[in-house]
Amino acid sequence: MIGTFGDVVFEVSDQHVRTFQDFTRNTQARWAEHNIIGDYPKPEFIGPGRDSITFKMRFDVSHGMNPRDEMTKLLVMCKNGQAETLIIGELPMGAFKWVIDSVSQVWKHTDNQGNVLVGTVDVTLKEYI
């Protein structure tokens, strides 16, 4: 097992391949800027910003997955605002839970019955504080 996000298990096994790629974490700070007459603006550190994580996932029937079901599960988690712990390896990512901010689906291949054979998703997570 590579990790988990709620009941989504990132894994490579004899039966399933459910992994991510292009995993990117973005951290930012919050700053205010105070205008000073006749001088440069003065920055003031307000506090930390919320982190975000983006990654891609590919679901393929030949790897034991039902792409439509897998993509729908992520869509429902996003629409429900479900906050979950993101664990990669054996360690949680950050001190807080995460929510799915957005999911973008691509149905790459379908059969003549409308079944999705290969699908991909772009997922954006935001810290839930």
Side-chain angles (χ1 to χ4, degrees):
M1 181 171 65
I2 298 166
T4 60
F5 179 68
D7 63 353
V8 175
V9 178
F10 305 113
E11 65 179 326
V12 176
S13 69
D14 294 340
Q15 299 168 340
H16 301 290
V17 175
R18 185 187 296 112
T19 59
F20 54 81
Q21 60 189 12
D22 299 332
F23 186 98
T24 304
R25 184 172 183 174
N26 184 16
T27 301
Q28 54 187 315
R30 292 181 301 123
W31 291 88
E33 196 168 273
H34 302 282
N35 290 322
I36 308 296
I37 296 174
D39 203 353
Y40 291 103
K42 301 292 183 196
E44 178 183 6
F45 179 70
I46 302 296
R50 292 172 50 202
D51 285 6
S52 64
I53 290 175
T54 60
F55 55 85
K56 298 177 186 299
M57 296 182 77
R58 182 177 189 272
F59 304 110
D60 191 323
V61 293
S62 68
H63 294 138
M65 306 306 300
N66 180 323
R68 193 166 186 170
D69 288 350
E70 295 294 323
M71 292 186 292
T72 298
K73 180 190 295 187
L74 293 167
L75 181 93
V76 168
M77 291 174 79
C78 179
K79 286 186 175 276
N80 290 339
Q82 192 172 331
E84 299 289 351
T85 301
L86 175 63
I87 297 174
I88 305 297
E90 295 181 8
L91 300 173
M93 294 294 294
F96 304 102
K97 291 188 175 189
W98 298 83
V99 292
I100 298 177
D101 188 54
S102 68
V103 177
S104 177
Q105 300 181 16
V106 176
W107 295 11
K108 294 230 178 235
H109 302 288
T110 56
D111 65 13
N112 62 355
Q113 302 295 310
N115 298 307
V116 181
L117 303 177
V118 178
T120 62
V121 291
D122 291 330
V123 178
T124 300
L125 304 178
K126 294 264 178 128
E127 273 185 309
Y128 181 76
I129 301 172

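This one's a predicted model, so the numbers in the text were calculated from it and none came from an experiment.
A continuous path of Ile, Leu, Val, Met, Phe, Trp and Tyr side chains, each step under 4.5 Å between heavy atoms, connects Val12 with Met57, placing both in one hydrophobic cluster. One hydrophobic cluster, built from ILVMFWY side chains closer than 4.5 Å, cannot hold both Val121 and Val76; they sit in different ones. Linking ILVMFWY side-chain heavy atoms closer than 4.5 Å, directly or via other members, places Leu125 and Ile2 in a single hydrophobic cluster.
When Asp60, Leu117, Val118 are each tested for a side-chain contact (heavy atoms from CB on, under 4.5 Å) with Lys108, only one passes: Val118.
No side-chain heavy atom of Phe5 sits less than 4.5 Å from a side-chain heavy atom of Val123. With a 4.5 Å cut-off on side-chain heavy atoms, Asp7 and Lys73 count as touching. By the 4.5 Å heavy-atom criterion applied to side chains, Gln82 and Ile100 are not counted as neighbours.
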Under 3.5 Å, which donor-acceptor pairs do the side chains of residues 47-54 form with other protein atoms, sequence neighbours left out?
| residue | atom | partner | partner atom | Å |
| --- | --- | --- | --- | --- |
| Arg50 | NE | Glu127 | O | 2.8 |
| Arg50 | NH2 | Glu127 | O | 3.0 |
| Asp51 | OD1 | Thr27 | OG1 | 3.3 |
| Asp51 | OD2 | Arg25 | NE | 3.1 |
| Asp51 | OD2 | Arg25 | NH2 | 2.8 |
| Asp51 | OD2 | Thr27 | OG1 | 3.2 |

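Residue Ile36 shares its hydrophobic cluster (ILVMFWY side chains chained together at separations under 4.5 Å) with no other residue. Apart from Ile129 itself, the hydrophobic cluster it occupies contains Phe96, where clustering links Ile, Leu, Val, Met, Phe, Trp and Tyr at side-chain heavy-atom distances under 4.5 Å. Residue Ile37 belongs to no hydrophobic cluster, having no ILVMFWY side-chain heavy atom closer than 4.5 Å to its own. Residue Val9 belongs to a hydrophobic cluster whose other members are Met1, with links defined by side-chain heavy atoms closer than 4.5 Å.
Under the side-chain contact (heavy atoms from CB on, under 4.5 Å) criterion, Gln28 pairs with no residue at all, not counting sequence neighbours. In terms of the side-chain contact (heavy atoms from CB on, under 4.5 Å) criterion, residue partners of Trp107 (sequence neighbours excluded) are, by chain and number, Arg68, Met71, Gln105, Thr110, Val116. For Thr85, the side-chain contact (heavy atoms from CB on, under 4.5 Å) test picks out Ile87, Pro92, Lys97, with sequence neighbours left out. Taking the salt bridge (charged side-chain N to carboxylate O under 4.0 Å, His left out) definition, one finds that Arg30 meets it with nothing, sequence neighbours left out. Listed by chain and residue number, Asp122 satisfy the salt bridge (charged side-chain N to carboxylate O under 4.0 Å, His left out) test with Lys56 (two or more places apart in sequence, or in another chain). Listed by chain and number, the residues in a salt bridge (charged side-chain N to carboxylate O under 4.0 Å, His left out) with Glu70 are Arg18 (sequence neighbours excluded).
To the nearest 0.5 angstrom, Ile46 atom CD1 is 11.5 Å from Glu33 atom CD. Atoms CG and OG, from Leu75 and Ser102 in turn, are 11.0 Å apart once rounded to the nearest 0.5 Å. Annotation: the span from Lys126 atom NZ to Asp101 atom CG amounts to 4.5 Å, rounded to 0.5 Å. A distance of 6.5 Å separates CZ in Arg58 from NE2 in His63, rounded to the nearest 0.5 Å. Taking OH from Tyr40 and CG from Asn35, the interatomic distance works out to 14.0 Å, rounded to the nearest 0.5 Å.
Counting all heavy atoms, side chain and backbone alike, Gly119 lies closest to Pro67 at N-CB, 3.9 Å. Residues Val99 and Gly81 approach most closely at CG1-O, 4.0 Å, considering heavy atoms.
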Practice problem: Decide yes or no on side-chain contact (heavy atoms from CB on, under 4.5 Å) for Met77 and Val8, but give the supporting numbers first. | Solution: CA-CA 10 Å; Met77 291 174 79; Val8 175; 3.9 Å; yes
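Shown here is Glu44, whose CD atom has more than 12 heavy atoms of other residues, nucleotides or ligands within 6.0 Å.
For residues 18-37, the ring-ring contact (aromatic ring centres under 6.0 Å, His included) pairs, not counting sequence neighbours, are Phe10-Phe20, Phe20-Phe23, Phe20-Phe55, Trp31-Phe45.
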